[in-house]
Every structure is written in C-alpha cells, then in structure tokens.
Number of protein chains: 2
Amino acid sequence: MTVANINDIATHTGLSNATISRYLNGKPYVSKEAQLAIDMAVRELGYRPNASARSLRSGRTGRVVMVLRDAYHPFYAALLAGACRAAASVGYDVLVQQNHAEGWHSDRLTQLVTTRGVDGVILTTDLDPWSEYQSALSGIPAVTCDQALSDQSLPGVFIEHYQSTIEGLSHLRERGARCIACVQAPPADPCSSSDIRSAAYHDFAAQNPDTQIELVSIEDDLVHSGYVMLDALVHRSTPVDAVFSGSDDVAAGLLIAARERGIAVPGQLRILGFDDQPIARTLEISTVRQPVRRMGERAFELVHSIIHGENRFGADRLRVPYRLMVRSTT
Amino acid sequence: MTVANINDIATHTGLSNATISRYLNGKPYVSKEAQLAIDMAVRELGYRPNASARSLRSGRTGRVVMVLRDAYHPFYAALLAGACRAAASVGYDVLVQQNHAEGWHSDRLTQLVTTRGVDGVILTTDLDPWSEYQSALSGIPAVTCDQALSDQSLPGVFIEHYQSTIEGLSHLRERGARCIACVQAPPADPCSSSDIRSAAYHDFAAQNPDTQIELVSIEDDLVHSGYVMLDALVHRSTPVDAVFSGSDDVAAGLLIAARERGIAVPGQLRILGFDDQPIARTLEISTVRQPVRRMGERAFELVHSIIHGENRFGADRLRVPYRLMVRSTT
DNA sequence: GTAATGTATGGAAAGGATTTCAGAGCAAGG
DNA sequence: CCTTGCTCTGAAATCCTTTCCATACATTAC
C-alpha cells in the first residue's frame with residue numbers, strides 16, 4: 001500500500017466509504033462522532049482524495065482552460081492573471097494554451113475538451129478555422145473574453161469597442177486632429193474587435209468629413225513596433241496629426257520616438273492608446289482604459305457560473321466599463 | 001448512452017477493450033485488420049478516451065503546474081510562455097498558480113500535488129514557509145526555474161547570477177561609475193537570486209574600494225517604480241552615477257525620468273538593466289540578457305524528462321547562458 | 001516431432017472515488 | 001399502536017480505462 005485511499009479510511013474508522021465521502025464533500029447525515037473519527041484517521045494516514053478518481057465519477061474536474069495567443073503579451077497576461085485569481089478563490093485551476101505558439105496543433109484544444117479534461121473554456125482570441133472547434137465547444141461551457149467570435153451565440157465579457165473607439169476619435173478631433181492614423185493588428189475574423197473598431201473608424205469618417213482616417217496595420221503590438229513606425233507616419237505627403245493605437249505599448253513606442261525626433265506631443269502629434277497599461281500611466285499617455293484584469297476575472301466567474309448551472313449574472317454577455325483617460329499626449 | 005466509451009468501440013468492432021486500448025496507446029500486437037476496424041469505429045462513434053479514467057488507471061495526468069508570483073509580470077509571463085510552448089510540443093498541458101495573488105492559499109499547491117492532479121511542478125519563485133511544501137513536493141518531480149530555493153536538492157535551470165552581476169558591475173566601473181545603486185526586490189529567501197546578487201555586490205565592493213555600492217530595495221519592478229525612484233537617487237548627498245537594476249522595466253522608468261529631468265545618460269548617469277526585455281532594445285538600454293523564454297522551455301523539458309525517468313540532460317542543474325548587451329545607456 | 005518463441009486476442013481485475021438505494025433506529029403525531 | 005418522517009449508515013453499482021494473465025495459433029529451432 002503506497003498511498004492511503006478512501007477505503008483505508010473506511011476500515012480504519014470502522015465506517016463505510018460512503019460515509020467518508022459524504023463527510024469530505026460537506027454533505028449532511030454524518031454524526032459528530034463519525035466526523036471526529038474521520039478527521040483523526042485522515043490526519044493519521046495522510047489521506048488525500050485522488051483527483052482523477054473523483055472527477056471520473058463526478059464528471060467535474062475543477063479545471064478550465066484559457067486559450068490565448070501568447071502568455072507573454074501584456075494584454076493576455078493580464079487576462080490570465082485575472083482569471084487565475086478568480087479561479088483560485090473558488091478552488092479551481094486554470095490551464096493555459098497558446099494558440100499562436102510553435103508546437104500548437106489545432107486539435108490540442110479539441111482533444112482537451114472532448115476527453116473531458118476541463119470543465120470549461122475561456123477564449124480570448126479567434127480560433128482560426130472556427131468550424132473545426134465548433135462542435136467540440138458546443139458540448140462544454142465556453143465563454144469569450146474580449147473577442148467576439150463568429151459564433152455570436154457564445155456568452156462572454158466584452159467592452160463596447162464601437163462606442164469607445166468613437167469616443168476616442170471624437171476626443172482627438174476635439175483636440176484639433178484632422179488626420180488620424182488608426183493602428184491595429186490585422187483583422188482575423190469578421191466579428192473580431194479590430195473589425196468592430198474598423199466599422200467605428202468608417203462611421204466616424206462619414207460623419208466628420210473634415211477629418212481623415214488612415215488605417216495602419218501592424219504585426220506585433222509591442223513598444224518597438226510603435227517606435228519604428230513613427231517616421232513612416234510623419235514623413236507622408238499628408239502627415240498625420242494624431243495616432244489612435246489599439247495598444248498602449250505601440251503608443252509608448254510612438255511617443256518615445258517622437259521625443260527623440262523633437263516632434264511636439266500633443267502640439268504637433270496627438271497620441272491616444274488603448275488599455276491603460278502601467279506604461280501609459282508612467283509616460284502620461286492618454287488612453288482608453290479597459291479593466292483587463294477584471295475582464296479575466298469576470299470571464300472566469302461567468303464560465304464558472306455556467307458550469308454550475310446558475311448564471312448569476314442574468315445576462316449572457318457581460319459588458320465591462322471603459323473610460324477615456326485624458327493625459328498629456330492629447 | 002450519452003458519449004461513446006471504449007466498450008462501445010469494443011462491441012462495435014467485435015474486439016475486446018484490451019485490444020482497443022493497446023492500439024490507441026500505440027502498443028504492439030494489434031493486427032492490421034483490427035487497426036482498420038478500430039479506426040472506423042472510432043470515427044463513426046466519435047469516440048474520445050476519457051482523460052480522468054485514463055489517468056486514474058495509468059497514474060499519469062499529462063499535466064504540470066507552474067507556480068509564479070504573477071502571470072502579468074513580464075519575467076514570469078515569458079517563463080510561462082516558454083513552458084507552455086515546450087509542453088504543447090509533447091502533448092502536455094500547463095496549469096498556472098499565482099502565489100502572490102489574492103485568493104491564494106498556501107495549501108492550493110499542496111492540494112494539487114497530493115491529490116495527484118499533476119505529474120510535475122515547476123517553481124519559479126520562493127514558497128514562503130518552505131517547510132510547508134517540502135513533504136508534498138518530495139513525492140513528485142519538481143524543478144526550480146531561476147530561483148534557487150532553500151532546498152538545494154531540487155533540480156532546476158538557472159543563470160549564473162553571481163557571475164553576471166559581477167560582470168555588470170565591472171562594466172559600469174569601466175565606464176567610469178564610482179557610486180552604483182543596485183536596485184532589486186527585497187530578498188525573500190536565503191538562497192534566492194536576489195541574495196546571490198547581494199553577495200556579488202558585497203564581494204565586488206570589497207575588491208574595488210574606489211567604488212561605492214548602494215543597495216536600493218523596491219516593491220514592484222515595474223516601469224513606474226523606476227520612474228518615481230530617480231529623484232531620490234540623484235538628490236542624495238552623494239548622488240549615484242550609475243544604476244544597476246534587476247529589471248529592465250525599472251531601468252526603462254529611470255531612463256525616461258532622467259531624460260525628462262535633463263540628466264545626461266550615460267554621461268551623468270549610467271543605466272544597466274537585466275533580462276533584455278523588448279523595452280530594453282527599444283530604448284537602447286544596456287542590459288544583461290537572460291534567455292527567459294528558453295529558461296521556461298528548459299524547465300519544462302527537465303521536469304518532463306524526470307517524469308519519464310530519463311533525465312537526458314545528464315545534469316540536475318541546467319545553466320543557461322547570459323550575455324552583457326552594451327547599448328547606449330552605459 | 002517436440003520444444004520454444006512470437007503474435008494476436010480476450011477476460012477480468014484493478015484504480016479510487018461518488019452516488020443510488022435500501023434499511024435501521026428513533027421521535028413525534030394521530 | 002401504527003404511521004410518518006428524519007437522521008445516520010452501508011452495500012453495491014458506476015464512472016472508463018489500463019494492465020495483468022491466460023489462451024490460441026502460427027512459426028521457427030533443435
């Protein structure tokens with residue numbers, strides 16, 4: 001006998017394993033004496049219930065998976081941190097899958113889900129051939145976080161990308177901008193957040209003929225990407241007088257480059273970021289604040305409540321508030 | 001019957017579950033015809049082996065846990081990203097626990113390990129009362145990553161903190177520094193990396209009497225922390241002429257603040273970071289490069305090889321190389 | 001021709017919990 | 001006294017695989 005199991009506790013206390021199980025799971029109908037005996041036996045034999053056996057029988061694993069592009073990206077890292085915090089507080093564990101990393105196969109998620117390795121899924125990014133995952137994900141509680149997927153039927157947490165984008169653009173225009181470069185990652189999915197933003201750019205331009213919108217695509221939204229992008233923006237035939245970046249890091253890179261070139265911010269160039277990462281506060285960059293960590297928490301709470309069949313939020317789609325933070329770059 | 005199980009495949013093919021299991025696990029002694037029949041039945045019934053049942057019987061979960069302070073911190077995020085990548089390539093999953101987040105209880109890790117919820121553990125940070133975890137972790141493959149714990153017997157990957165710190169200090173001295181502020185998080189553990197660095201500071205000061213070392217403690221190693229720290233460093237009675245920061249983010253904050261104050265870098269103040277995060281490259285900050293992502297990969301590979309009883313690295317403690325990156329701040 | 005090996009298979013026993021169901025004991029209500 | 005209902009308990013079924021062991025047959029070795 002290498003490790004004590006529930007039957008060892010049963011024989012040691014003279015009770016049956018059913019009673020042990022009831023007590024350890026906090027169910028009623030266990031006498032005071034039985035409880036004490038069990039406590040003592042558990043401590044004495046160092047008994048720990050076997051997680052696999054438990055979840056085999058109960059059908060619950062106490063685990064969820066969060067799918068993200070790259071754990072190193074600050075936006076996803078914040079989502080993950082939030083989800084882990086929320087999960088820990090109710091005894092759940094979070095498992096990570098990076099779908100943009102080398103070594104990722106499209107069926108890793110499917111595998112995990114169909115083998116019942118997790119109780120739920122949090123999607124923070126588009127899954128490329130959505131059809132490939134659809135059937136697997138329809139059999140398990142799954143929520144989206146920030147990204148609106150093709151399948152709009154999935155519940156999820158999100159911010160109003162359309163409204164917040166309009167508000168950001170209006171702010172830049174109020175501050176005198178008439179040629180705004182909008183920087184963001186290439187749209188991956190017809191309903192992704194970047195496409196919602198694109199729609200907002202379009203509508204805004206239509207309603208404000210005096211203001212020009214330039215779309216700029218970017219690969220990695222890192223500080224460096226913004227840093228190397230500045231020259232291209234100001235050395236155009238019609239130089240831009242404002243940049244609305246989908247990422248604070250890119251905005252930071254632009255600001256740093258602008259300072260080095262002696263370009264006045266916000267006099268000559270207005271810069272507006274998105275997210276309100278710590279670097280935006282440090283560099284006094286105006287930005288649209290998203291409570292990213294909280295979005296991760298909410299996403300977990302949502303999937304958790306669905307797992308337990310008690311959606312305490314009432315709504316399937318949770319809106320989290322955004323807020324325009326006006327600082328020194330606009 | 002809601003979901004097909006292995007016995008359904010058995011009856012459907014006319015074989016026994018033992019044969020199905022053998023084939024699905026790639027073991028020998030399955031005829032060609034049997035293989036085809038199984039393939040067909042699996043596809044037809046949409047059979048997926050149940051992960052819990054499998055790991056209950058086999059004792060393997062295909063999962064490891066990585067313990068880190070905070071997934072949002074870029075250093076830990078990079079470790080995690082590396083570990084996830086390496087894990088994905090061999091079909092393993094990584095589970096995250098943040099031991100500095102709200103909602104973390106000291107027994108969450110113990111619980112996970114003693115209930116056999118994972119096959120292995122990667123520790124990237126000190127566990128505060130180490131004695132509390134020691135017995136649980138002695139029964140499972142566990143490796144450290146970057147941090148040297150009290151229990152030196154654990155295998156792990158690390159960089160030469162002592163050597164690299166000496167090299168950094170020597171570099172600063174060569175560039176004319178005579179009063180160096182060394183910034184780092186407060187030491188948590190007698191064998192942690194910050195304590196190894198402290199020893200290096202001490203030895204360096206002893207061997208170079210003309211150079212003064214000032215230890216500066218910091219709570220969060222974020223850009224903002226460096227930003228607000230600068231004034232205290234230069235407005236001292238004996239102002240420092242160089243800063244060696246344990247984190248690139250802090251170094252970046254210092255550099256940004258210095259530029260705003262009009263302090264010449266590196267003329268008046270030399271700045272040296274640690275890690276070589278993207279921001280260091282962008283801002284041209286000299287730094288000691290650590291291949292952090294690769295450290296995460298190596299840590300996983302190490303624990304994976306121990307799980308399979310075949311430590312292909314030979315050594316228990318893997319050294320990964322560091323490299324001094326001289327840029328424009330020194 | 002017999003012994004020894006190797007391949008292909010199935011029956012049945014773990015593996016360790018949860019959960020259902022039935023039953024025993026006891027108090028209260030009629 | 002009988003019924004009802006509540007608390008406490010245990011036997012046994014169940015969850016789904018992997019793995020041990022036995023068996024049947026075909027081949028090769030001596």
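- With rounding to whole Å, B/E33 atom CD is found 16 Å from C/dT7 atom P.
- There is no side-chain donor-acceptor pair under 3.5 Å between B/D146 and B/T124.
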With the criterion being N/O to N/O and under 3.5 Å, what pairs connect the protein with nucleotides 15-18 of chain C, and how long is each?
| residue | atom | partner | partner atom | Å |
| --- | --- | --- | --- | --- |
| C/dA17 | OP1 | A/Y47 | OH | 2.7 |
| C/dA17 | OP1 | A/N50 | N | 2.8 |
| C/dA17 | OP2 | A/I6 | N | 2.3 |
| C/dA17 | O5' | A/Y47 | OH | 3.2 |
| C/dT18 | OP1 | A/N25 | OD1 | 3.2 |
| C/dT18 | OP1 | A/N25 | ND2 | 3.0 |
| C/dT18 | OP1 | A/R54 | NH1 | 3.4 |
| C/dT18 | OP2 | A/S21 | OG | 2.5 |
| C/dT18 | O2 | A/R57 | NH1 | 3.0 |

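- Heavy-atom contacts from other residues, nucleotides or ligands closer than 6.0 Å to CZ of A/R116 number 12 or fewer.
- In this structure a side-chain-to-backbone donor-acceptor pair under 3.5 Å is missing from A/N25 to A/R22.
- Ring planes of A/F75 and A/H73: perpendicular class, angle over 60° (limits at 30 and 60°).
- Residue B/A34 is in sugar-phosphate contact alone, with no base atom involved, counting any heavy-atom pair closer than 4.0 Å across all strands shown.
- Between A/L15 atom CG and D/dA11 atom P the separation is 11 Å, expressed in whole Å.
- When atom types are taken as modelled, the side chain of A/R108 and the backbone of B/Y92 share a donor-acceptor pair closer than 3.5 angstrom.
- No more than 12 heavy atoms of other residues, nucleotides or ligands sit less than 6.0 Å from atom CZ of B/R48.
- Atoms OH (B/Y29) and P (D/dT23) sit 18 Å apart, rounded to a whole Å.
- Between A/S31 and D/dC8 there is no side-chain N or O to OP1 or OP2 distance below 4.0 Å.
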